[in-house]
Amino acid sequence: MPRKHNPFDNYKAVLDKAAELLGLTQNDYIILKYPERSLRVSLPIRMDNGEVRVFEGFRVQHSSSRGPCKGGIRYHQDVDEDEVKALAAWMTMKCAVVNIPYGGAKGGIQVDPRTLSKGELERLTRRFVAMIMPIIGPERDIPAPDVNTTPEIMGWIMDTYSMQKGYAVPGVVTGKPIEVGGSLGRSEATGRGVMLCARMLMEKLGRSLRGVTVAVQGMGNVGSVAAYLLHREGAKVVAISDISGGIYNENGLPMEELRPHFAARRTLAELPDGDFERIDNDGLLACGAEILVPAALENAISRSNAGNVSAKFIIEGANGPITPAADEILEANGVTVVPDILANAGGVVVSYFEWVQNLQSFRWEEDYVNDMLERTMRHAFDEVWALAEEKRASLRMGAYMSALKRVVGAKKLRGIFP
Ligand code: NAD
């Protein structure tokens, strides 16, 4: 069934707007409306009960104009080719905004991983790697974690690729466990980048995070770290939610107490009652917090609920959480949005650091990783802010313009083959 909001159409609509602001012609950027390469694979897996099931997987490489393709792998029942295409295109833009030498890619398998045993999950992952093997590699296309994929899964990817090659190739994937070449700071990097963007936004407005109220949707890798680090910076996290619902306390949630629960269970569903009230995801959007961090899935804020958003500032932890129609409503309501390709770029920045360490067989200290991440994010944020001011446009347009300049510039320098 076609999606109600096709994320690849959303991407193209935003791309056209930014290109127009920059005065680009279709010739300059039409190539960015198509992925360079898209691979669809069938993955037969022997389940624990002896049955053979076939899953569908994708790896899409959107652009390699600025370097090897880079992007995560998602395991979710709603994954389809258009979603993976959009996620790959956003990666091209994201790597360009933060000026790291990568193009964009993404992968996905249409599966609800909660229904698989660990053995089934491992067999599925290894079969997927075998099937996309011809197009990935440390100089070609480097996967990483995304929704429902973990460092452990990245370790299986590294192992499968290395076994085929006959020697260890840690640089084929990032987000690995530290023991097999992962980088210190990688697992917190996306959430840290979200926190840094919130802090830099407040600084631009002459404020700090101290006492600012925050609501976070999604308590996975991105949302849980962002919520905790925002709390550590002095913000008051009043609401959090995941797929099972949410919790709210106008005086701030006990983040230190909640942290071990998330580390162990990764879900709000089994949280015993405490000093908070239960809310649903719509309640979270309207809860009155000044900053909203959507950190679950795309299209969480659409035309139908954008008018209920009470926040003045949105930091997009997730990819594509706001549809173009919702974006217009939020802009009309005076909401400032730090867009996904900037706000959640911390993950790919530290993935880049991990890859650099792997290629050099060298290890960086965590403080150095975090410091380099902050410098990279600050540089990108300042550039986006300046471009948005110059063109009197939103930060989303500022980010896309900044990215487009780099990608189109690289394309022009390289020319069109043959
Ligand atoms: P994750 O699987 O670790 O967590 C996803 C969270 O979203 C879970 O808490 C889940 O319960 C919640 N969720 C799912 N559906 C929901 C719904 N309908 N309502 C409310 N909550 C819901 O995933 P993640 O890695 O944290 O990724 C989250 C988003 O951030 C995705 O859009 C992803 O593409 C993006 N992102 C992730 C990274 C990364 O490094 N992991 C980097 C950049 C962007």
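Please read all numbers here as calculations on a predicted model, not as lab measurements. Note that ligands are numbered from 1 as they come in the structure, with each ligand's atoms numbered from 1 the same way.
- Contact annotation: the side chain of Ser208 never approaches that of Glu203 to less than 4.5 Å [non-hydrogen atoms, C-beta and beyond].
- Checking Asp146, Leu87, Ile243, Leu268 against atom 33 (C) of ligand 1, the nearest heavy atom belongs to Asp146.
- Between Leu39 and Val60 there is no side-chain heavy-atom pair separated by less than 4.5 Å.
- Numbered from 1 in the order shown, with element, the atoms of ligand 1 that lie under 4.0 Å from a heavy atom of Gly220 read 1 (P), 3 (O), 4 (O), 6 (C), 8 (C), 9 (O), 26 (O).
- Scanning the protein for heavy atoms near atom 37 (C) of ligand 1, the closest one is Val222 CG2, 3.4 Å.
- Ligand-side atoms of ligand 1 in range of Asn344: 43 (C), 44 (C), range being under 4.0 angstrom from any heavy atom.
- A salt bridge links Glu290 with Arg207: the distance from a Lys NZ or Arg NE/NH1/NH2 to an Asp or Glu carboxylate oxygen falls below 4.0 Å.
- Compare Ala296, Pro145, Ser224 by their heavy atoms: the one nearest to atom 22 (C) of ligand 1 is in Ala296.
- Shown in contact with Gly317 at under 4.0 Å from a heavy atom are these atoms of ligand 1, numbered in order with element: 30 (O), 35 (C), 44 (C).
- Protein heavy atom nearest atom 35 (C) of ligand 1, with residue, atom name and distance: Asn319 ND2, 3.6 Å.
- Using a 4.0 Å cut-off between a side-chain N of Lys or Arg and a carboxylate O of Asp or Glu, Arg199 and Glu374 qualify as a salt bridge.
- At a 4.0 Å heavy-atom cut-off, ligand 1 touches Val147 through backbone and side chain alike.
- Closest heavy-atom approach to atom 3 (O) of ligand 1 among the candidates Val225, Asn221, Ile240, Val350: Asn221.
- Distances below 4.0 Å separate heavy atoms of Arg74 from the following atoms of ligand 1: 31 (C), 32 (O), 33 (C), 34 (O).
- The protein non-hydrogen atom at the shortest distance from atom 9 (O) of ligand 1 is Met219 N, 3.0 Å.
- Residues satisfying the side-chain contact (heavy atoms from CB on, under 4.5 Å) test with Ala393, not counting sequence neighbours, are Leu21, Lys391, Met397, Met401.
- For atom 40 (O) of ligand 1, the closest non-hydrogen atom of the protein is Thr190 OG1, 2.8 Å.
- If you look at Ala295 next to ligand 1, the close heavy atoms, those under 4.0 Å, all belong to the backbone.
- Each of the atoms 2 (O) of ligand 1 lies under 4.0 Å from some heavy atom of Asn148.
- When atom types are taken as modelled, the side chain of Asn281 and the backbone of Asp242 share a donor-acceptor pair closer than 3.5 angstrom.
- Other residues, nucleotides and ligands contribute at most 12 non-hydrogen atoms within 6.0 Å of the CD atom of Glu20.
- Not counting sequence neighbours, the partners of Phe8 by the ring pair (Phe, Tyr, Trp, His ring centres under 6.0 Å) test are Tyr11.
- With respect to Arg74 and Glu298, a salt bridge is recorded, a charged nitrogen being found less than 4.0 Å from a carboxylate O.
- We find that Asp48 and Lys118 are not joined by a salt bridge, their nearest charged nitrogen and carboxylate oxygen being 4.0 Å or further apart.
- Under 4.0 Å is where a charged nitrogen must lie from a carboxylate oxygen, and between Lys33 and Asp16 at least one such pair does.
- Short contacts between ligand 1 and Asn281, defined as distances under 4.0 Å to a heavy atom of the residue, involve ligand atoms 19 (N), 20 (C).
- By the criterion of a heavy-atom distance under 4.0 Å, neither the backbone nor the side chain of Glu298 is placed next to ligand 1.
- Only the side chain of Arg186 comes within 4.0 Å of ligand 1, judged by heavy-atom distances.
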